[in-house]
Amino acid sequence: MTIRLYDTSARQIRDFSPLRPGCVSIYLCGATVQAAPHIGHIRSGLNFDIMRRWFDYRGYDVTFVRNVTDIDDKIIAKSADQNRPWWAIGYENERAFNDGYHALGCLPPTYEPRATGHITEMVEMMRGLIERGHAYEADGNVYFDVRSFPEYLALSNQELDNLQQPSGAGETGKRDPRDFAMWKAAKPGEPSWETPWGRGRPGWHLECSAMAHKYLGTAFDIHGGGLDLVFPHHENEIAQAKAYGDDFARYWVHNAWVTMSGEKMSKSLGNSVLVSEMVKRWRPIVLRYYLGTPHYRSMIEYSEEALREAESAFARIEGFVQRVVEKAGAVEPAAEVPLAFAEAMDDDLGVPQALAVVHTTVRQGNSALAADDKEAAVARLAEVRSMLGVLGLDPLDPHWAGETDRGEDLHGVVDTLVRMVLDQREAARARKDWPTADAIRDQLSQSGLVIEDSPQGPRWSLGPR
């Protein structure tokens with residue numbers, strides 16, 4: 001058994017070999033909390049939640065760090081625009097991110113450090129980099145000297161002479177326009193902290209290098225994040241950490257975007273779909289299925305039609321689970337997932353191929369139910385639950401229990417009314433009045449209900465939107 005991952009730095013799939021046998025350390029670039037999350041933000045959390053769950057299943061002791069960037073240019077700009085404290089905006093949106101992660105079933109990280117809680121560690125790293133000749137102070141700013149680090153741009157495979165380094169307002173005194181800011185001098189009215197080089201605030205890249213060092217040490221296994229972070233963020237993290245003396249991350253894993261009309265979903269483009277709104281319109285478990293089941297390196301083009309297809313596909317799985325439980329009672333997950341599922345997950349987290357095994361097993365289980373083979377149906381459900389557990393999609397998991405509880409009173413009222421209509425249909429069938437029975441069924445279908453005739457009698461469920 002060997003897990004294999006696509007390593008951005010190597011540009012190929014590599015066998016995973018942990019630094020410490022039986023342990024895996026993961027650092028994921030988390031939320032920059034200037035606004036509430038859209039589904040593109042949460043996709044990253046979901047992809048790495050599935051990675052974390054698979055390592056758990058394979059018996060690894062996982063340390064999973066996901067940071068919060070609670071101070072940056074955008075948060076400060078929002079503070080000025082809204083005339084609100086920067087920390088209030090950050091905390092409000094941090095809670096919105098955590099609500100989104102929780103709603104879609106992401107396990108909480110081992111540690112979730114905030115940038116503003118680690119100024120001391122950042123100052124210490126800057127001091128070391130200045131002493132080693134990799135950084136310098138100018139006008140109260142502290143810059144990283146990119147020419148002092150020969151490996152710079154190895155991750156993104158760019159040429160230094162062609163580099164266009166993003167710069168912010170007030171970044172004066174650079175020796176080279178390609179140098180990047182680790183610390184920004186204080187401006188009137190902006191948040192700032194005291195340092196040996198004057199008051200100021202951290203640059204975006206320094207935060208992650210310092211926090212990864214504190215929580216995972218000088219070397220760790222996997223650094224993750226969205227594909228858009230390869231440059232400049234991850235490239236600059238590497239430069240800071242390695243110039244400081246850390247070995248840093250051994251594998252770099254990046255998830256692709258959620259797009260809309262071919263463009264990356266982002267708040268700045270105004271094409272984002274907020275998680276808080278989506279969970280009002282779609283069941284969170286369906287959203288998880290939609291965002292979590294494509295391969296993590298594949299783009300997802302957002303559309304209502306694709307969401308409806310995901311809803312229908314998950315309904316087939318959920319319907320099978322429900323039918324077996326009704327027939328056989330509670331069924332525990334199998335101790336091991338099927339071999340084909342494991343092979344797919346070991347191969348760069350091949351969730352689409354693994355999901356195909358889930359659907360094949362569901363079809364086998366439905367065939368067993370049709371043949372009244374209770375033992376085989378139960379065995380298939382045990383396998384399905386074990387696979388869905390790895391994907392965070394087991395409808396019988398206590399996390400999703402609230403979904404079935406929501407609107408329970410209304411469900412009871414609807415059930416009573418539908419039962420009355422179904423009784424009329426059964427009476428029509430009993431007197432062989434097939435046109436009336438079919439008309440009742442068609443009317444119920446047009447209302448969004450799916451009617452299924454079973455040995456225990458007819459039952460209903462909500463159909464796809």
Side-chain angles (χ1 to χ4, degrees), residues 46 49-50 53-54 57 103-105 107 282-293 307-338 340-342 344-345 351-408 411-412 414-415 418 448-465:
L46 279 174
D49 181 66
I50 292 171
R53 288 171 182 264
W54 186 242
Y57 173 82
L104 271 62
L107 299 172
W282 301 89
R283 294 172 58 205
I285 198 170
V286 169
L287 280 177
R288 183 179 177 102
Y289 185 98
Y290 170 67
L291 294 171
T293 54
L307 262 164
R308 285 192 291 271
E309 291 173 357
E311 184 179 51
S312 297
F314 186 72
R316 291 193 290 272
I317 297 173
E318 199 170 32
F320 165 67
V321 173
Q322 179 184 3
R323 285 189 290 274
V324 177
V325 170
E326 287 178 356
K327 189 177 185 68
V331 176
E332 291 300 311
E336 296 184 0
V337 299
F341 181 95
M345 292 299 292
V351 174
Q353 295 77 13
L355 191 65
V357 180
V358 174
H359 282 287
T360 297
T361 309
V362 166
R363 287 193 293 272
Q364 294 169 348
N366 282 329
S367 296
L369 285 172
D372 202 26
D373 187 345
K374 178 179 174 181
E375 183 177 351
V378 166
R380 299 294 80 74
L381 176 55
E383 292 172 345
V384 166
R385 285 202 66 193
S386 66
M387 292 185 283
L388 293 179
V390 167
L391 301 176
L393 288 167
D394 182 0
L396 300 181
D397 186 282
H399 176 82
W400 303 113
E403 285 210 348
T404 56
D405 293 341
R406 291 182 309 169
E408 194 63 40
H411 184 282
V414 173
D415 183 63
V418 174
L449 300 176
V450 175
I451 307 303
E452 179 183 0
D453 293 311
S454 72
Q456 291 76 34
R459 61 175 165 223
W460 67 273
S461 61
L462 289 174
R465 288 171 173 78

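The model shown is predicted, which means the values in this text are computed figures rather than measured ones. Quick note: numbers below take in every heavy atom, side chains included, and nothing from hydrogens, waters or symmetry partners.
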Qualifying residue for side-chain hydrogen bond (donor to acceptor under 3.5 Å, both in side chains) with Asn366, from Arg323, Arg380, Arg316:
Arg323
For a side chain to side chain contact (heavy atoms under 4.5 Å, CB included) check, start with the C-alpha distance between Thr293 and Leu393, then their side-chain angles and the critical distance, and finish with the verdict.
CA-CA 10 Å; Thr293 54; Leu393 288 167; 4.1 Å; yes
Heavy-atom nearest pair, Leu307 first then Val286, reads O-CG1, 4.4 Å
Rounded to the nearest 0.5 Å, how far apart are CZ of Arg363 and CD1 of Ile317?
10.5 Å
Which is it for Leu391 and Phe341 under the side chain to side chain contact (heavy atoms under 4.5 Å, CB included) test, yes or no, and what are the steps along the way?
CA-CA 11 Å; Leu391 301 176; Phe341 181 95; 4.2 Å; yes
Distance, nearest 0.5 Å, that separates CG of Leu381 from CD of Glu332:
10.0 Å
If every non-hydrogen atom of Val362 is compared with every non-hydrogen atom of Val384, which pair is closest and at what distance?
CG2-CG2, 3.9 Å
d(His399 NE2, Leu107 CG) to nearest 0.5 Å is 9.0 Å
Heavy atoms only: give me the nearest Ala344-Ala354 pair and the separation to one decimal.
CB-N, 3.6 Å
Least distance between heavy atoms, Arg53 atom then Gly389 atom
NH1-O, 3.3 Å
Strictly by modelled atom types, are Gln322 and Glu326 linked by a side-chain donor-acceptor pair under 3.5 Å?
yes
Could you tell me which non-hydrogen atom of Leu104 sits nearest to which non-hydrogen atom of Pro284, and how far apart they are?
CG-O, 4.0 Å
Out of curiosity, Arg385 CZ to Leu396 CG, how far, rounded to the nearest 0.5 Å?
4.5 Å
Quick check: closest heavy atoms across Met387 and Thr361, and the distance to 0.1 Å?
CE-OG1, 3.6 Å
Tyr289 side chain to Ala313 main-chain N or O, any donor-acceptor pair under 3.5 Å?
no
Any chance you could lay out the side chain to side chain contact (heavy atoms under 4.5 Å, CB included) test for Trp282 and Arg308, step after step, and finish with the verdict?
CA-CA 9 Å; Trp282 301 89; Arg308 285 192 291 271; 3.6 Å; yes
Evaluate the criterion side chain to side chain contact (heavy atoms under 4.5 Å, CB included) for residue pair Val337 and Trp54; output intermediate values, then yes/no.
CA-CA 11 Å; Val337 299; Trp54 186 242; 4.2 Å; yes
First locate atom CZ of Arg288, then atom CG of Asp49, and finally report the distance between them rounded to the nearest 0.5 Å.
4.5 Å
Under 3.5 Å donor-acceptor, Asp394 side chain and Leu388 backbone:
no
